[in-house]
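Working notes for the structure below.
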Amino acid sequence: MPELPEVEVTRRSFADAIQGATIAHLWMGKPLRWPLGCAPSVVAGRVITNVTRRGKYLLLHLNPGLLMVHLGMSGSLAFSPAGAARTALGTHDHFELHTSAGVLRLTDPRRFGAIVYADGLSDARAVKLLGHLGVEPLDDGFEVDDFVAAMRMRRAPIKQVLLAGDVVVGVGNIYASEALFLAGIRPTRAANRVAPARLRRLHAVIKQVLQQAVDLGGSTLKDFKNAQGEHGLFQTQSRVYDRAGEPCYVCQSPIKRMVQGQRATYYCASCQK
DNA sequence: AAAAGCCCCTGGATGC
DNA sequence: TGCATCCAGGGGCTTT
C-alpha cells in the first residue's frame, strides 16, 4: 500500500491533532514485523512533540523517545479525537496509542507493518532502520547532479535501484513504474546505461509524480485511507500501473506487465527505451 | 559493495 | 459451493 505519498498524506491527516498530546496508554495486539522494543508502559506520560516522516516511516517524536511507525503493505492509521465515538477493535487492529488528544489506531491485515520504539534518532534501533536511507525526493536536498551520479554507479535494473531506497526514498512499486514511464526509460535498463539527460528527466518526474500523488491524497488500490478515513485518488491518474493490456495514453500500444524482483512492473514498450 | 532471492502474513479474485 | 492457486502499495536479511 503505502509509498511516500500515502505515508505523507497519513502524517498530515493527524499530525496537528496529536501534537502536544500526552500518551496515556500504548496497546499492542498480534505481533507485527518487529517487536516494539520496550515495555508498552515505558511511553506512558510522555508528550508527542511532533510527527515527521523519513522515507516510508512515520516518526512520532516523544519527550523523550521516538516511535517509528511503518505501514508495511496493508497498514493504515486512524485517528479518533478524544470523546469521539470509535468502532470496536477489529481482527486486524494491532496497535493503539491512547493520548489526551485521541486514539491513534493501526489496522494492518498482513502485519508487515511495524511500531518500533527507540530512545532517539541516534539510538541503534533507529539507525538500523533509518540510517541507510537515501535522500528525500520532495526536499531541496534531492539534487539532480547527485542523483545522476549515484544512478551512474549502479548496474542493476533502474526500477530495482529506485525501489531499493538507498539513492532516493519513498518511491515504491506504483510510483516507480509511473516515473519511469514519464521519463521514457525501460524499467529493465541498467541504471548506469541510462543517458544522463534521461536521468535528469527522471529526477524531475519523480518529484512531479510524488507531489501529484500527495495532492490527490495518495493511491487507494484496495484499502488505503488516511487517518481521517479518506481514500486517495491517484490511482485514477495512473498511466501504466495496473493497466496491463490497456492502450498507452500516448501511443495506444498495449501496456505490458512483467515481473522484476517478485514485483509487478508496468511499462509501454514503445514509449520506454 | 552491490545484486538477487527469500521470506514475513492475510484476504480477495480467479479458475476448475 | 468448495478448494487450489495467484496476486497484492515493503523491505530487512542472507546468500552470491
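All chains are named by letter (A, B, ...) in the order of the sequence lines, taking the proteins before the strands, and each is independently numbered beginning at 1.
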Self-check item: Candidate pair A:Tyr241 and A:Tyr175, rule ring-ring contact (aromatic ring centres under 6.0 Å, His included), full reasoning
Solution: CA-CA 8 Å; A:Tyr241 186 83; A:Tyr175 302 110; 8.5 Å; no
Just call it for [X]: base, sugar-phosphate, or nothing, with non-hydrogen atoms closer than 4.0 Å on any strand.
X	result
A:Pro31	nothing
A:Gly261	nothing
A:Tyr175	nothing
A:Ala164	nothing
A:His132	sugar-phosphate

Respond yes when some side-chain nitrogen or oxygen of [X] is under 4.0 Å from OP1 or OP2 of [N], and no when none is.
X	N	result
A:Tyr57	C:dG12	yes
A:Arg111	B:dC8	no
A:His70	C:dG10	no
A:Lys128	C:dG12	no

Quiz item: For A:Asp108 and C:dG11, what is the distance between atoms CG and P respectively, to the nearest whole Å?
Solution: 13 Å
Exercise. Send over the distance from A:Ile174 CD1 to C:dG11 P, rounded to a whole Å.
Key: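 Roughly 13 Å, once rounded to whole Å.
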Quiz item: Any side-chain heavy atom of A:Ile206 sitting closer than 4.5 Å to one from A:Phe142?
Solution: yes
Practice problem: For residues A:Leu97 and A:Ile23, determine if any side-chain heavy atom of one lies less than 4.5 Å from a side-chain heavy atom of the other. | Solution: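 They are in side-chain contact.
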Exercise. Find which nucleotide of DNA chain B each of A:His92 and A:Arg33 is nearest to by heavy atoms, and output the residue with the more 5' nucleotide.
Key: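 In this pair, the answer is A:Arg33.
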Quiz item: If you pin A:Arg110 and A:Gln160 to their nearest nucleotides in DNA chain B, which one's is more 5'?
Solution: A:Gln160
Exercise. Look at A:Asp119 together with A:Arg125 and state whether they make a salt bridge at an N to O cut-off of under 4.0 Å.
Key: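 Salt bridge between A:Asp119 and A:Arg125, a charged N being under 4.0 Å from a carboxylate O: no.
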Exercise. Mark yes or no: A:Arg243 above the aromatic ring of A:Tyr249, with NZ or CZ under 6.0 Å from the six-membered ring centre and no more than 45 degrees from the axis.
Key: yes
Which of the following nucleotides, [options], is nearest to the side chain of [X]?
X	options	answer
A:Tyr266	C:dG10, B:dA3, C:dA8	C:dA8
A:Gln262	B:dC6, C:dG10, C:dG12	B:dC6
A:Arg263	B:dA3, C:dG10, C:dG12	C:dG10

